[in-house]
Amino acid sequence: MSFFIDEFQADLEALPNILQKKYALMRDLDKSLQEIVRQNEQRCEQEIEDMKRGVTAGNITPDTSLTRFSDEALDEQKHSIRIADEKVALAIQAYDLVDSHIQQLDQYLKKSGEELRRERENTVATAPSQIPDGTTKSGRSESGRRGRKNRSRLGTAATSAAATEVAAMAANPTGMELDLPVDPNEPTYCLCNQVSYGEMVACDNPDCKIEWFHFGCVDLKDQPKGKWYCPDCAALRNRRKGR
């Protein structure tokens, strides 16, 4: 994975220079095109005036099927079309170049996210189970816990998560779990009683004591559609329905 980062970074560093050259060429083509169009307009206007005078003097037959612009005027128009086509081709090349880098980055982020999720799931599976006592956790006030309910169901914004994961992979290319210190005032969530990380889902029971759960801890791979209840709240709802 670190090799991919180095290779992608090298390609990305060269991208601005490549785009700058293409844009400079497009500007030069645009200047040439404007000059040719201006000359052609003047030539055509002059030829139209000559045709009008010829018809008035009786030197030219007033038959529109026989009147045409000069070869010079037609050549200028064809040249203008060729320059316009070159500009379009350069614009498409620039777009495809940027799009290919975006696709490479998306593939890396997806693969990196999957690897990190598997590592976290393995860590949760091997860690000793912790049973919440239902009381308010240290550093997690009721108002603070309720305030998080208004956040998105993702534990962190997608861009922030992606940037954090890339930085973590670059700093730890071996993929080993690092024993980093945790702020004792950081609120904890989920059945594992750990801090917020990665993708998380909120229980739709407003009275849920935990509220937020890591995907791996509740066997989720994608964001659930519609309402979702944690195992405890789901069991409570089933018991109430069975009465």
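Not measured: the values here are computed from a predicted model.
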- Can you see which heavy atom on Ala73 is nearest to which on Asn40, and at what distance? O-ND2, 2.8 Å
- Taking atom CD of Gln77 and atom CD of Glu41, what is their separation to the nearest 0.5 Å? 10.0 Å
- Should Ser196 and Pro187 count as side-chain neighbours, where that means a heavy-atom distance under 4.5 Å? no
- Task: Output, in order, the C-alpha distance, side-chain angles, deciding distance and verdict of side chain to side chain contact (heavy atoms under 4.5 Å, CB included) for Cys44 and Glu76.
- Result: CA-CA 10 Å; Cys44 291; Glu76 287 175 347; over 6 Å; no
- Query: Is there a donor-acceptor pair closer than 3.5 Å between any side-chain N or O of Arg117 and the backbone N or O of Lys221?
  - Reply: yes
- Do the non-hydrogen side-chain atoms of Gln223 and Phe215 ever get within less than 4.5 Å of each other? yes
- Task: Establish whether Leu15 and Ile102 are linked, either directly or via other cluster members, by ILVMFWY side-chain heavy-atom contacts under 4.5 Å.
- Result: yes
- Message: Using a 3.5 Å distance criterion without hydrogens, assess whether the side chain of Gln194 forms a donor-acceptor pair with backbone atoms of Tyr189.
- Response: no
- Quick one: do Lys111 and Gln107 satisfy side chain to side chain contact (heavy atoms under 4.5 Å, CB included)? Show the steps, please. CA-CA 6 Å; Lys111 185 181 296 184; Gln107 292 176 1; over 6 Å; no
- Of all heavy-atom pairs linking His101 and Leu97, the shortest is ND1-O, 2.9 Å
- Task: Could you identify which residues cluster with Ile92, counting Ile, Leu, Val, Met, Phe, Trp and Tyr as linked when any side-chain heavy atoms lie under 4.5 Å apart, either directly or through a chain of such contacts?
- Result: Val88
- Could you walk me through whether Trp228 and Cys203 pass the side chain to side chain contact (heavy atoms under 4.5 Å, CB included) test, one step at a time? CA-CA 6 Å; Trp228 180 87; Cys203 178; 4.2 Å; yes
- Task: Enter the distance from Arg38:CZ to Ser80:OG here, rounded to the nearest 0.5 Å.
- Result: 12.0 Å
- Message: Could you see if Leu29 belongs to whatever hydrophobic cluster contains Ile36? Use Ile, Leu, Val, Met, Phe, Trp, Tyr and a side-chain cutoff under 4.5 Å.
- Response: yes
- Item | Flag, side chain of Asn122 to backbone of Arg118, donor-acceptor distance under 3.5 Å | yes
- Task: Is it possible for you to say whether Val37 and Leu74 belong to one hydrophobic cluster, with membership spreading through side-chain heavy-atom contacts below 4.5 Å?
- Result: no
- Query: In Å, rounded to the nearest 0.5 Å, how long is the span from OG of Ser70 to CD of Gln46?
  - Reply: 11.0 Å
- Task: Check the pair Ile48 / Phe69 against side chain to side chain contact (heavy atoms under 4.5 Å, CB included), numbers first and verdict last.
- Result: CA-CA 8 Å; Ile48 290 174; Phe69 290 113; 3.8 Å; yes
- Message: Checking Glu35 against Gln39: is there a side-chain donor and acceptor pair closer than 3.5 Å?
- Response: yes
- Message: Using the salt bridge (Lys or Arg N to Asp or Glu O under 4.0 Å) criterion, which residues pair with Asp71? Sequence neighbours excluded.
- Response: Arg68
- Item | CA sep, side-chain torsions, deciding dist, call: Arg53, Asp50, salt bridge (charged side-chain N to carboxylate O under 4.0 Å, His left out) | CA-CA 5 Å; Arg53 284 193 296 267; Asp50 294 341; 2.3 Å; yes
- Nearest 0.5 Å please: distance from the SG atom of Cys230 over to the CH2 atom of Trp212. 13.0 Å
- Query: So which of Gln20, Lys22, Lys21 actually passes side-chain contact (heavy atoms from CB on, under 4.5 Å) with Ile18?
  - Reply: Lys22
- Spatial distance of atom CG (Asn193) from atom CD1 (Ile210) [nearest 0.5 Å]: 8.0 Å
- Item | Hydrophobic cluster identity match, Ile81 and Leu33, side-chain contacts under 4.5 Å | no
- Taking Ser112 for the side chain and Tyr108 for the main chain, is one N or O donor matched with an acceptor at less than 3.5 Å? no
- Without swapping roles, check the side chain of Asp30 against the backbone of Met26 for a donor-acceptor pair under 3.5 Å. no
- Query: So how far is it from Glu199 CD to Asp222 CG, rounded to the nearest 0.5 Å?
  - Reply: 8.0 Å
- Message: Restricting to non-hydrogen atoms, name the atom on Leu191 and the atom on Pro231 that form the minimum distance, rounded to 0.1 Å.
- Response: CD1-CG, 4.5 Å
- Query: Do His79 and Arg82 have side chains that get closer than 4.5 Å, going by heavy atoms?
  - Reply: yes
- Mind checking whether His214 and Tyr197 have parallel, tilted or perpendicular rings, split at 30° and 60°? parallel
- Task: Return the minimal non-hydrogen interatomic distance between Ile83 and Ser32, and the atom names on each side.
- Result: CD1-CB, 4.2 Å
- Considering only heavy atoms from C-beta outward, does the side chain of Leu236 approach that of Asp232 to under 4.5 Å? no
